[in-house]
Participant: 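My structure is below; once you've seen it, I'll send some questions.
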Amino acid sequence: MKPSIPQGTRDFSPEQVNKRNYIFSTLRKVFVKYGYQPIETPTMEKLSTLTGKYGEEGDRLLFKVLNSGDFLKKATALDNAKKLTTQICDKGLRYDLTVPFARYVVMHKNDITFPFKRYQIQPVWRGDRPQRGRYREFYQCDVDVVGTNSLLNEVELTQIYDEGFARLGVNVTIKISNRKILAGIAEVAGISDQFMAMTIAIDKLDKIGIEGVRKEMLGHAISEESVAKVEAILQAKNLDNLKPLLADSEVGTKGCEELSTVFNYLDKVELTNKVIFDITLARGLTYYTGTIFEVSANDAKMGSIGGGGRYDDLTGIFGMKDVPGVGVSFGADRIYDVMEELKLFPDTSADSIQVILLAFDQESHDYAFGALQKLRKAAINAELYPEPVKFKKQMKYANARKAPFIIIVGEQERTSGLLTFKDMQSGEQQKLDIESIITSIKS
RNA sequence: GUGGGUAUAGCUCAGUUGGUUAGAGCGCUAGAUUGUGGUUCUAGAGGUCGCCGGUUCAAUUCCGGUUACUCACCCCA
């Protein structure tokens, strides 16, 4: 049997894990710096927690987990796959980190001091067809704060995006908009009931052009007149132009005000990356109600590598009213792909092996074992080739491991106490006692 | 969920207008060099040509189906 892994999943080599950990630890430092605390939630959630939170498409992409035991006992809808699913599955794999977080907040409300700032770095699963930059299992790095309406949080999250990507060396554009503006556009155009269809169409503007957007909206039975209104509003290049167009909409005006506030704050902070208002920004997830964020890499062809937004009442569905929240997510796997493409990873060899000991015979091997203890005691990453096998094989191993140094122990060395210390890059070698070697490696 | 592409050695791929023994590079093993890797040279191991069926004297090659992978759409990190 030829072994394989499920579609859209991947194995990671030592080098890849080191690089991934570099992303995680870099972001973690930023999150902690801004006062966020870590939590983790289970891989599986109750299906009742997950369904209905991500829109129709989201429900379709949820991985469901078959009940244990005789799951057919409760099954009656044998001719209806959708209904049957609800009868034989009551768990599902986590689809994002925001909904589980909302559930967490409600369950632990008595232990939490609000506002509660948390970060969470864990994998999520989506049953999408895999393609470039899209996986069925991928990591998100989320930062959210709940229990505060202050738009200062939006500013802080923008800074976290900015600093996070700056530290990783990825040039990005941080796009910001507000769902209330989209709601305002729908209201002014008289299509509030078609809000989602309009939003999804607008989201594609830069991809399919204004004509494509028009076609898509007309396809959703939106009237020619409404489409024309939407089009006219989309011409507004900036907030100042937009405000008068949405003057008749209370919610739209509110959206403009919120956005202005955020940008006014942002004017006062130092940023590395470009932060822009993008009216075409929409975000598919249904639970966003205010500010929305999206991040794209400037120098690589990749979809969004981060996204987020404000949700006024995500905890409401779990029975806890009036706990607004806002958060953003870093898409670690896409960031990895971008960094790989642009060769932005620093050399991670400092975290790996520093010296490997090789021995010619059993007695020398025993002697080398003693030296190995001294090296490790001095906090040097060291290993001894486990058997004194053919020397060429050991050398090849040391070379393949990319060890910067090796120590060779044979009869001469163990009798003199002076070990052969070789720099693998230059090929130079000298005879030194173990203390001198330790000093030499550490310098 | 919809549409396209691909499937040959461990990896990346060539090739066979249907015909005897299916190739290269890299990797692997051994030797040149019994105390020295990364360079070089020599030799060797490794393939039911994805799977099932059809056409044919003959199929890895042509046709149909199937599975897997992959790219794009939808949607999204």
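The analysis underlying the following values was restricted to heavy atoms, covering all of them including side chains, and did not include hydrogens, waters or symmetry mates. We name chains A, B, ... by the order of the sequence lines, and we start the count at 1 in each one.
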Participant: Can you check the distance between B:U33 and B:C71, where both ends of the measurement are the C1' atom (answer in whole Å)?
Facilitator: 50 Å
Participant: By the 4.0 Å heavy-atom rule, please label A:G306 as base, sugar-phosphate, or nothing.
Facilitator: sugar-phosphate
Participant: Counting the atoms with a prime plus P, OP1 and OP2 as sugar-phosphate, which does A:G55 contact under 4.0 Å by heavy atoms, base, sugar-phosphate, or nothing?
Facilitator: nothing
Participant: B:C76 P sits how many Å from A:K53 NZ, rounded?
Facilitator: 17 Å
Participant: Between A:N67 and A:D90, what is the shortest heavy-atom contact and its length?
Facilitator: OD1-N, 2.9 Å
Participant: So what does A:I408 hit on the nucleic acid, given a heavy-atom distance under 4.0 Å: a base, only sugar-phosphate, or nothing?
Facilitator: base
Participant: Looking for any heavy atom pair under 4.0 Å, which part of the strands does A:G133 touch: base, sugar-phosphate only, or nothing?
Facilitator: base
Participant: For A:E340, I'd like to know if atom CD has over 12 heavy atoms of other residues, nucleotides or ligands within 6.0 Å.
Facilitator: yes
Participant: Between A:K53 and A:D96, is the closest basic N to carboxylate O distance under 4.0 Å?
Facilitator: no
Participant: If you only use heavy atoms from C-beta on, which nucleotide in B:U36, B:C76, B:G35 is closest to the side chain of A:Q429?
Facilitator: B:U36
Participant: Quick one: does any side-chain atom of A:E363 pair with a main-chain N or O of A:E411 as donor and acceptor, under 3.5 Å?
Facilitator: no
Participant: Just so I know, are the side chains of A:K33 and A:E163 near enough to count as touching, which here means a heavy-atom distance under 4.5 Å?
Facilitator: yes
Participant: Can you tell me how far P in B:G15 sits from the matching atom in B:C62, rounded to whole Å?
Facilitator: 12 Å
Participant: Under 4.0 Å between a side-chain N/O of A:K207 and OP1 or OP2 of B:C73, yes or no?
Facilitator: yes
Participant: So what is the 5' to 3' dot-bracket string for RNA chain B, if pairs are Watson-Crick or G-U wobble with both distances under 3.5 Å, crossing pairs use [ ] and | means the partner sits on another strand?
Facilitator: (((((((..((((.....[...)))).(((((.......))))).....(((((..]....))))))))))))....
Participant: Nearest nucleotide by nearest heavy atom, which residue falls closer to the 5' end of RNA chain B, A:G303 or A:G8?
Facilitator: A:G8
Participant: Looking only at side-chain atoms of A:F360, point me to the closest of B:C74, B:G37, B:G35.
Facilitator: B:G35
Participant: A:Q140 near the nucleic acid: base, sugar-phosphate alone, or nothing, with a heavy-atom cut-off under 4.0 Å?
Facilitator: sugar-phosphate
Participant: If I take atom OH in residue A:Y139 and atom P in nucleotide B:A77, what distance separates them, rounded to the nearest angstrom?
Facilitator: 18 Å
Participant: B:G19 and B:A7: how far apart are their C1' atoms, nearest whole angstrom?
Facilitator: 24 Å
Participant: For B:C69 versus B:U12, give the span between their C1' atoms, rounded off to a whole number of Å.
Facilitator: 16 Å
Participant: When you compare B:A59 with B:C75, how far apart are their C1' atoms, in angstrom units rounded to a whole number?
Facilitator: 43 Å
Participant: Using a cut-off of under 3.5 Å, enumerate the N/O to N/O pairs linking the protein to nucleotides 65-67 of chain B.
Facilitator:
none

Participant: Rounded off to whole Å, could you give me the CD1-to-P distance for the A:I208 and B:C74 pair?
Facilitator: 8 Å
Participant: Between B:U8 and B:G25, how far is it from one C1' atom to the other, in whole Å?
Facilitator: 15 Å
Participant: Whether the side chain of A:H365 engages the backbone of A:Y385 through a donor-acceptor N/O pair (distance < 3.5 Å, no angle test) should be reported.
Facilitator: yes
Participant: With sugar-phosphate meaning primed atoms plus P, OP1 and OP2, does A:Y135 contact a base, only sugar-phosphate, or nothing at under 4.0 Å between heavy atoms?
Facilitator: base
Participant: I'd like the C1' distance from B:C63 over to B:U21, given in whole Å.
Facilitator: 28 Å
Participant: Do the side-chain N or O atoms of A:Q412 get closer than 4.0 angstrom to the phosphate oxygens (OP1, OP2) of B:G35?
Facilitator: no
Participant: Of the non-hydrogen atoms in A:A368 and A:V409, which two are nearest, and what is the gap between them?
Facilitator: CB-CG2, 3.9 Å
Participant: Do the side chain of A:R94 and the main chain of A:T41 share a donor and acceptor less than 3.5 angstrom apart?
Facilitator: yes
Participant: Write down the distance between CE (A:M302) and C1' (B:C76), rounded to a whole number of angstrom.
Facilitator: 12 Å
Participant: In whole angstroms, how far is the C1' atom of B:C69 from the CZ atom of A:R132?
Facilitator: 17 Å
Participant: Short question: side chain of A:D162, backbone of A:T272 - any donor-acceptor pair under 3.5 Å?
Facilitator: yes
Participant: Give a yes/no verdict on base stacking between B:G35 and A:F391: centres under 5.5 Å, planes within less than 30° of parallel.
Facilitator: no
Participant: So, is A:Q131 close to the B:C71 phosphate, meaning a side-chain N or O under 4.0 Å from OP1 or OP2?
Facilitator: no
Participant: Base, sugar-phosphate, or nothing: which does A:D333 touch, judged by heavy atoms less than 4.0 Å apart?
Facilitator: nothing
Participant: Decide, yes or no, whether a salt bridge links A:D433 with A:K374 under the criterion of side-chain N to carboxylate O below 4.0 Å.
Facilitator: no
Participant: Indicate, with a heavy-atom threshold strictly under 4.0 Å, whether A:S304 touches base, sugar-phosphate, or nothing.
Facilitator: sugar-phosphate
Participant: Whole Å only: how far is the OH atom of A:Y95 from the C1' atom of B:C75?
Facilitator: 7 Å
Participant: Any donor-acceptor pair under 3.5 Å joining the side chain of A:R129 to the base of B:C69?
Facilitator: no
Participant: Between A:E156 and A:Y36, does any side-chain donor sit less than 3.5 Å from a side-chain acceptor?
Facilitator: yes
Participant: Check this for me: does the side-chain of A:N399 come within 3.5 Å of the base of B:G37 through a donor and an acceptor?
Facilitator: yes
Participant: For this output row, return yes or no: ring centroids of A:Y139 and A:Y336 closer than 6.0 angstrom.
Facilitator: no
Participant: Considering only nitrogen or oxygen atoms on both sides, find all protein atoms under 3.5 Å from nucleotides 26-31 of chain B and state each distance.
Facilitator:
none

Participant: Examine distances only and state if a side-chain atom of A:R334 and a backbone atom of A:S304 form a donor-acceptor pair shorter than 3.5 Å.
Facilitator: yes
Participant: Return the 5'-most residue of the pair A:G410, A:R60 with respect to RNA chain B, ranking by each residue's nearest nucleotide.
Facilitator: A:R60
Participant: Quick one: sort the A:Y288 and A:Y311 rings into parallel, tilted or perpendicular, breaks at 30° and 60°.
Facilitator: tilted
Participant: Hey, would you say the A:F330 and A:F31 ring centroids sit under 6.0 Å apart?
Facilitator: yes
Participant: Quickly work out the A:L168 CG to B:A77 C1' distance and round it to whole Å.
Facilitator: 15 Å
Participant: If the C1' atom of B:U34 is compared with that of B:C26, how far apart are they to the nearest Å?
Facilitator: 29 Å
Participant: Between P on B:U36 and CD on A:E413, what's the gap in Å once rounded to a whole number?
Facilitator: 12 Å
